[in-house]
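Just so it is clear, the values below take in all heavy atoms, side chains as well, and ignore hydrogens, waters and symmetry mates. No experiment lies behind these values; they were computed from the predicted model shown.
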Amino acid sequence: LLHILARKNVLAGLMFIAIAALGLWVSRDYPIGTALRMGTGYVPRLLCWVLMGLGAAVLIQGLREKDAPPERITLRQLIPIVVVTASLIAFSLAIEQLGFVLSVLLLIGIGAVAARDIKLWEVAVAALVLIVLGWGIFILGLGLTIPVWPVW
Amino acid sequence: MELFDNLALGLGVALTPANLGFALVGALIGTLIGVLPGIGPIATIAMLLPLTFHLEPVSGLIMLAGIFYGAQYGGSTTAILVNLPGETSSVVTCIDGHQMARQGKAGSALAIAALGSFFAGTVSTFIIAAFAPPLARVGQSFGAPEYFSLMVLGLIAAVVLAHGSVLKAIAMIILGLLLGLVGTDGQTAAQRFTFDITELSDGIDFAVLAIGLFGVGEVIANLTRGEESRSVMSEKITRLWPTREDFRLAWPAVLRGTALGSILGVLPGGGATLSSFAAYVLEKKVAREPSRFGRGAVEGVAGPESANNAGAQTSFIPMLTLGIPGNAVMALMIGAMTIHGIQPGPQVMSERPQLFWGMVASMWIGNLMLLVINLPLIGIWVQLLKVPYRFLYLSILLFCAIGVYTIGNSPFAVLVAAFFGIVGYIFMRLECEAPPMILGFVLGPLMEDNLRRAMRISGGDPTIFIHRPISLGLLIAAAILLVMVALPAIRRGREEAFQES
């Protein structure tokens, strides 16, 4: 059963159905109105029902496929997802307090974990080049008001 | 003549030192990302979109347009020398282009690709100049029902011309329409799908969504795939000029590719990729000895490479004249215009002739620059292919983060982009294509607005859409397209066209 559930189209269908269900649940109290005076909920609910129907069709298509291989997610694939997300979260938390230089260091430092064969000196060079480049383009060139150093 | 007056006005704008500079920057960046596999024009334009805040509108658009058609030039270099498509629109160029390179004719293949692209770029610039004004006049007579039907047709055509499952593409469009609704309802001021997060009450910013899906999402996808080994042709490119025989074979293919690309580019959902695939199929059909294809046929380079550049440029026509994006890049261009408070639509040409004609004229100048950038300077770009992806992705990631942050000086936006990065990766794994979703996202609010206005005009009677002749015609065209996809024969042909490689 798990093999069938992990097929591309089955997963896609389930994803569409889940999103549609979430949308219908969130919009349950939105006034629908009439076709002449459409309320806030008219178009969203209509779209959610259409999406649910399409999701069901994709799901059925996926279930009827013969020998579609199941999708697998390995640790090697999971690392980039987690690392890239983490580096962006760190950047977002740091930028307004710690300033540009430290935020870029954080982003590069965490992001570099996702590369399999990067050497420490390569990370250092990349960080240095990107800090100078980013500072030159965004702060010097475009005059954006990003603090360069930590704000105390 | 009106046409030449307009082009002269445009040249006046495009030839100012600043705008020449931005056209050059766009062409250089376009070539760069075209050469490098793993980053495409959609992600790049999305990342640079926030930067154009700080530029004159026309300069920003000139630069972004340069990236799009510049990528068509750069993509062929990688395809010919490394047998990897630098862009999806040069996938078919790999087939014969790389074979030519292996036979020692790399210089000839590169020159044919660049010259063909330049010819196509020149012709399609004139096509835009000639056909845009009448089309804009038609657009100005459109009311809410016509616009609604036109957008329905556009979205359906986008599905039909997309590769992959039609069902999933429609679902992605609906998803895009739903995402477009997040925020405050313009009519009733009620909050929709904001999950009580104040930052979402203005809706999801278009650039944040695009950077997340295409920029961050592609970085994740490339990292999970691992680095592919690239073997750049090490021999020196000796002869950068095609032989007489190559020329004789190539020029009819260039003409056919330009014609086909110019037509397919205008269609909603069309653009560079579709044009190059279709051109390859066409060249194979008309060739006297189809068996030469796959073994270094020069037409297999000339046709698709001309077609993708023509298609890239003519896809500006519906965007500039009607305000309707035909593909994801045009949706981004619309985003760039709205950033500057320009409402895209037929009135752009009459209200801002400088912007419109400046952009059109800059396309030809950009193509001229690209010819120089790509032929004599080819060696530099080949060197760039040796930069490993582990350096590239760190720069992409940083540009995504800073770009998103600077849109509204909002750290929250970076989190939203990170979220859509994961979403974009999931979509890629499940083969759900994100470009139709972006189209839906851009068109969603416009469609809802026009639907509501049409309903008010008709007093709640939905038959208004079939009582108005233009609207009826557009809807019939949409229905015909849908029926066509359902027919097995045509479905097979469609799959064939996309599975050429």
(request) Taking all heavy atoms of Leu178(B) and all of Cys48(A), pick out the closest pair and write down the distance. (result) CD2-SG, 3.9 Å
(request) Can you tell which part of Ile402(B) gets under 4.5 Å to a heavy atom of chain A, answering side chain, backbone, both or neither? (result) both
(request) State whether the number of non-hydrogen atoms from other residues, nucleotides or ligands found under 6.0 Å of Glu56(B) atom CD is greater than 12. (result) no
(message) So which atom in Leu167(B) and which in Ala57(A) form the shortest heavy-atom distance, rounded to 0.1 Å?
(response) CD2-CB, 3.5 Å
(request) Side chain from CB out, backbone as N, CA, C, O: work out which of these in Tyr393(B) comes under 4.5 Å of a heavy atom of chain A, or both, or neither. (result) side chain
(request) Grab the two heavy atoms, one from Pro80(A) and one from Thr224(B), that are nearest each other, plus how far apart they are. (result) CG-CG2, 3.8 Å
(message) Looking at chain A, which one of Ala413(B), Ser410(B), Ala401(B) has the largest number of heavy-atom pairs inside 4.5 Å, strictly under?
(response) Ala401(B)
(message) Between Phe53(B) and chain A, with a heavy-atom cut-off of 4.5 Å, which part of the residue counts as in contact: side chain, backbone, both or neither?
(response) neither
(request) Check each atom of Ile19(A) against the heavy atoms of chain B and say whether the ones under 4.5 Å are side chain, backbone, both or neither. (result) side chain
(message) Would you say that Asn9(A) contacts Lys168(B) through its side chain, given a criterion of any heavy-atom pair below 4.5 Å between the two side chains?
(response) yes
(message) If we define contacts as heavy-atom pairs under 4.5 Å, which of Val129(A), Val104(A), Ile79(A), Ile95(A) has the most with chain B?
(response) Ile95(A)
(request) Please determine, among Leu55(B), Val219(B), Val404(B), Leu175(B), the option with the most heavy-atom pairs under 4.5 Å with chain A. (result) Leu175(B)
(request) Give the minimum heavy-atom separation between Gly111(A) and Leu394(B), together with the two atoms involved. (result) C-CD2, 3.9 Å
(message) Please classify the contact between Ser103(A) and chain B as side chain, backbone, both or neither, with a heavy-atom cut-off of under 4.5 Å.
(response) neither
(message) Under 4.5 Å from any heavy atom of chain A, what part of Ile173(B) do you find: side chain, backbone, both or neither?
(response) neither
(message) Are Val83(A) and Leu223(B) packed together at the side-chain level, in the sense that at least one heavy-atom pair is separated by less than 4.5 angstrom?
(response) no
(message) Under a 4.5 Å cutoff for heavy-atom pairs, which residue among Met172(B), Met447(B), Arg429(B) has the most contacts with chain A?
(response) Arg429(B)
(message) To check you understand the geometry: which heavy-atom pair defines the closest contact between Glu96(A) and Tyr405(B), and what is its length?
(response) OE2-OH, 2.9 Å
(message) Counting heavy-atom pairs closer than 4.5 Å to chain B, which one of Leu130(A), Val125(A), Leu93(A) comes out on top?
(response) Leu130(A)
(request) Select one option (side chain, backbone, both, neither) describing which atoms of Leu22(A) are under 4.5 Å from chain B's heavy atoms. (result) side chain
(message) Is it the case that the side chains of Tyr425(B) and Gln77(A) hold a donor-acceptor pair, with the cut-off being a distance below 3.5 Å and no angle test?
(response) no
(request) Check whether more than 12 heavy atoms from other residues, nucleotides or ligands sit under 6.0 Å from atom CZ of Arg64(A), and answer yes or no. (result) no
(request) Report yes if the side chains of Leu88(A) and Leu415(B) come closer than 4.5 Å at any heavy-atom pair, otherwise no. (result) no
(request) Answer with side chain, backbone, both or neither: which region of Ile422(B) has an atom nearer than 4.5 Å to a non-hydrogen atom of chain A? (result) side chain
(message) Counting heavy-atom pairs under 4.5 Å with chain A, which one of Cys400(B), Cys432(B), Ser395(B), Pro411(B) comes out on top?
(response) Pro411(B)
(message) Does any backbone or side-chain atom of Gln61(A) lie under 4.5 Å from a heavy atom of chain B? Answer side chain, backbone, both or neither.
(response) side chain
(message) Can you tell me which of Ala12(A), Pro44(A), Gly23(A) forms the most heavy-atom pairs within a distance under 4.5 Å of chain B?
(response) Pro44(A)
